Structure formats: structure tokens, C-alpha cells
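Notes follow the structure.
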Amino acid sequence: MMSLDMSKRGHQTFQRIAKTVKTICGINLVLKGYIQKAKVTKWVTYHLTRQSNLDKELLFNIHNFTKNKTERDSAKLKCLFSVLPHQRSTEDTAMIQSLLRKTRAFQVMPYIMQLEICQAAVYQQYEAKTIVLRKGHHSEACYFVLTGELIATLSDSCSENRNHLTGVVNEIQEGDLFGDAALLTNTKRPATILCKTNTELLLLNKEDFESILAGFLQQRYSAITELLRSLPIFTPWNAEKLTLLSYSSLLRYYRSGTAVIPKSSRSSFIVVVKSGRCNVVTNLKMGPHGSDLSQCPQQKKISGGRKDFPILSLMEAEKKLAGRSPQSKRLCA
């Protein structure tokens with residue numbers, strides 16, 4: 001009997017211990033699930049926060065790297081250009097050339113010509129709303145745009161209180177060359193050039209321009225004139241007008257995949273493809289009140305130099321408006 005009672009009490013003790021262990025295990029499982037859920041929630045919150053502040057949190061970010069590199073290059077250029085042109089060494093000139101190799105108007109020039117420009121050019125920096133050239137003044141230099149944006153306006157005075165300038169005939173962007181046409185034609189400045197943003201420029205005076213760039217640019221403008229003469233839209237134009245149009249055009253260079261003109265119902269420019277090939281992904285059809293009646297996106301290939309390109313309705317409309325108001329022309333390559 002004693003052994004049976006001991007066996008019974010041991011079984012009851014085991015059941016109590018088992019129930020206690022079961023309860024503890026249950027509590028642990030519940031706590032574990034809660035903790036895991038909290039960790040997941042915390043991780044998701046952290047991940048979303050990280051995504052929203054990705055540029056600030058990454059140790060390496062390409063945008064920050066590009067910005068910092070641009071600032072470093074600008075500081076190097078300032079230092080190198082602080083040396084007077086006749087005192088620059090061969091090493092200084094080679095360093096300047098390497099820093100300017102990505103400038104559009106500069107990189108298409110022959111290598112020797114690039115070095116000559118680097119030897120003679122002067123660095124200038126302007127704040128936004130500063131006038132670089134004024135309409136009617138004599139031409140004394142041309143400019144490469146290193147950074148920033150400028151506008152060409154027919155207004156001979158610009159007020160800082162005016163947010164919108166009337167008579168804007170062109171937009172000058174980073175990588176462009178301006179002021180050269182007036183030097184080639186030996187005429188006064190046809191427009192005022194105003195800085196739209198803070199701007200860095202490279203100045204080449206008249207004497208250096210004539211000895212380094214004049215011949216090269218004259219050949220380029222002659223080629224542009226011949227291209228314009230081959231386009232049906234400009235058939236009625238005489239040689240003098242075509243030459244003037246070529247001098248007032250901007251030659252642009254675009255990488256493959258770059259949008260030359262974004263979709264817009266308004267444009268003040270005619271774009272002619274000089275070389276290469278572009279895709280028209282959307283044709284704009286305007287209603288009687290300027291409404292956009294574009295159809296589904298479609299692609300149309302335009303090759304450089306093709307004579308059927310100017311038959312597009314947009315250019316035909318531009319031709320009809322040519323006699324009503326002066327329009328700026330932009331030539332792209």
C-alpha cells in the first residue's frame with residue numbers, strides 16, 4: 001500500500017510540474033511571437049525611414065559624389081586660373097584641359113586648340129541676375145559656360161524686381177559657347193545676356209579668339225548655313241538671312257538617350273538634327289484654342305540631314321508665324 005501511495009503522489013507531482021512547464025512554455029511562445037512581431041514592425045519602420053532619407057544615410061551616394069566632385073573641380077579651376085595666362089606652365093594647362101574635357105562646346109574642338117584655349121582663357125564667376133553682356137556694346141570676348149544658366153533678352157535694362165523678363169530670345173545652358181558670332185561678324189551685341197542662376201564662365205578675349213577659334217568657328221557656321229539651305233522650309237530665304245540664322249543658332253551635342261525636347265504644347269525653337277538620329281515619341285496636335293489633342297505615344301525616327309524632316313506640322317506652323325513675330329532658332333547636333 002505504501003508503495004502504491006508513493007507512486008500515486010509521484011504521478012500527481014509529475015502532472016503538476018508538467019502543467020507548470022506547459023504554462024511556462026505557452027507564455028514563452030506568446031512572448032516570442034510578440035517580440036518577433038515587434039522586431040518586424042521596428043525593422044519595417046526603420047527600412048521606410050531609411051528609404052525616405054536614402055541620400056543622407058548612405059555612406060556613398062552618387063548624387064553627393066557628383067556634387068562634391070563638381071565643387072572640387074571648380075575649386076581646382078579657380079586655383080589654376082588664378083595664375084596669369086602668360087605665367088601658366090605646361091602642367092597647369094594640361095590640368096585645366098583635363099578638368100574642362102566634359103564641357104560640350106570645348107570637347108568637340110581639336111586637342112591642340114583646347115590647350116591653346118586653356119593657356120589664354122580667364123575664369124569669371126557671376127551671381128544670379130547679373131548682366132554679363134549688354135545689348136549694343138562692342139564685342140570684346142566670347143564665353144564658355146562652365147556651370148549655371150543664362151538668358152538672352154532684347155531688353156536693354158533688367159530690373160531685379162521683375163520675375164518675368166520680356167523679349168527672351170534664347171536660353172544658354174551649361175556647356176554652351178556664346179558671344180562668338182558677334183566677334184566673327186564684328187558687330188555690336190544683339191542682345192543682353194543675363195545670368196539666370198549663379199554662373200561660372202571661361203572668357204576668351206578678342207585677340208586670342210581671332211588667333212585660336214575664329215577659323216574653326218567660321219567653318220562650322222558655314223556648314224550650318226549649307227545645312228539650312230538644304231531644308232525645304234528655308235528655301236525662300238536668301239543667303240544673307242540664312243547666314244544670319246546660322247549665327248543666331250546654338251549647336252548642341254547630346255548623348256544617346258537624352259531628351260532633346262520634353263513634351264510641351266509651347267516651344268520657341270526649331271530643332272534641326274545635324275547628325276545622328278532622334279526618336280519622336282509623341283506628336284503634339286494642337287486644337288483651335290491651344291488644347292493638346294495628342295494621340296497615343298508613337299515613335300518616329302529622324303535622321304540627321306534628312307530633307308523630309310522640316311515637313312512636320314510644327315515646322316510648317318513656325319514658317320507661317322515667321323512673319324508675325326521674331327522667333328529664336330536652336331540648332332542641335
Side-chain angles (χ1 to χ4, degrees), residues 104-110 113 142 152 169-173 175-187 190-191 209 213-264 266-286 298-333:
R104 287 195 305 257
F106 181 81
Q107 65 185 0
V108 297
M109 297 176 180
M113 188 177 294
C142 69
V169 295
N170 218 332
E171 299 173 356
I172 304 170
Q173 302 174 1
D176 285 340
L177 170 67
F178 69 92
D180 55 311
L183 289 176
L184 286 175
T185 57
N186 195 26
T187 56
F209 171 84
L213 274 181
F216 174 81
L217 294 179
Q218 187 64 60
Q219 292 180 359
R220 188 178 71 170
Y221 283 121
S222 297
I224 293 175
T225 302
E226 291 302 317
L227 173 64
L228 296 176
R229 184 177 287 111
S230 67
L231 302 178
I233 191 174
F234 297 117
T235 299
W237 292 41
N238 57 34
E240 183 180 356
K241 286 185 177 182
L242 286 176
T243 302
L244 180 61
L245 178 59
S246 67
Y247 281 128
S248 61
S249 302
L250 279 177
L251 192 62
R252 292 272 172 83
Y253 303 88
Y254 294 92
R255 293 178 180 271
S256 176
T258 304
V260 178
I261 301 178
K263 179 179 177 181
S264 174
R266 294 184 180 181
S267 177
S268 300
F269 307 103
I270 290 178
V271 178
V272 178
V273 182
K274 182 175 181 292
S275 62
R277 176 170 293 180
C278 296
N279 289 331
V280 178
V281 295
T282 302
N283 284 326
L284 290 178
K285 295 182 180 180
M286 306 307 299
Q298 52 184 315
Q299 288 196 354
K300 180 177 180 180
K301 293 184 177 180
I302 302 173
S303 299
R306 281 181 52 179
K307 295 185 178 182
D308 57 338
F309 171 69
I311 305 302
L312 291 175
S313 58
L314 179 61
M315 300 193 73
E316 289 296 330
E318 189 73 19
K319 181 179 178 182
K320 294 179 182 179
L321 293 174
R324 302 179 185 177
S325 59
Q327 296 287 336
S328 300
K329 310 295 186 293
R330 179 175 294 172
L331 186 66
C332 300

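For clarity, every value in this text was computed on a predicted model and none was experimentally measured. In what follows, every heavy atom counts, from backbone to side chain, and hydrogens, waters and symmetry copies are set aside.
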>> Using 0.5 Å steps for rounding, measure from the CG atom of L177 to the CG atom of L217.
In response: 6.0 Å
> Is the shortest heavy-atom distance from the side chain of F209 to the side chain of L184 under 4.5 Å?
Replying inline: yes
>> Distance check, rounded to the nearest 0.5 Å: L244 atom CG versus L228 atom CG?
In response: 11.0 Å
>> To check you understand the geometry: which heavy-atom pair defines the closest contact between I233 and P236, and what is its length?
In response: O-CD, 3.8 Å
>> If I take atom CD1 from residue I172 and atom CZ from residue F178, how far apart are they, to the nearest 0.5 angstrom?
In response: 5.0 Å
> Where is the tightest heavy-atom contact between A191 and A152, given as atom of each residue plus distance?
Replying inline: CB-CB, 4.3 Å
> For the atom pair CG (L242) and CD (E226), what is the distance rounded to the nearest 0.5 Å?
Replying inline: 9.0 Å
> So do T225 and R229 actually touch side chain to side chain, heavy atoms under 4.5 Å?
Replying inline: yes
>> Once rounded to the nearest 0.5 Å, what's the spacing between atom CG of D180 and atom OH of Y247?
In response: 9.5 Å
> So how far is it from M109 CE to F106 CZ, rounded to the nearest 0.5 Å?
Replying inline: 8.0 Å
> So which heavy atom on L183 is nearest to which on C142, and how close?
Replying inline: CD1-N, 3.7 Å
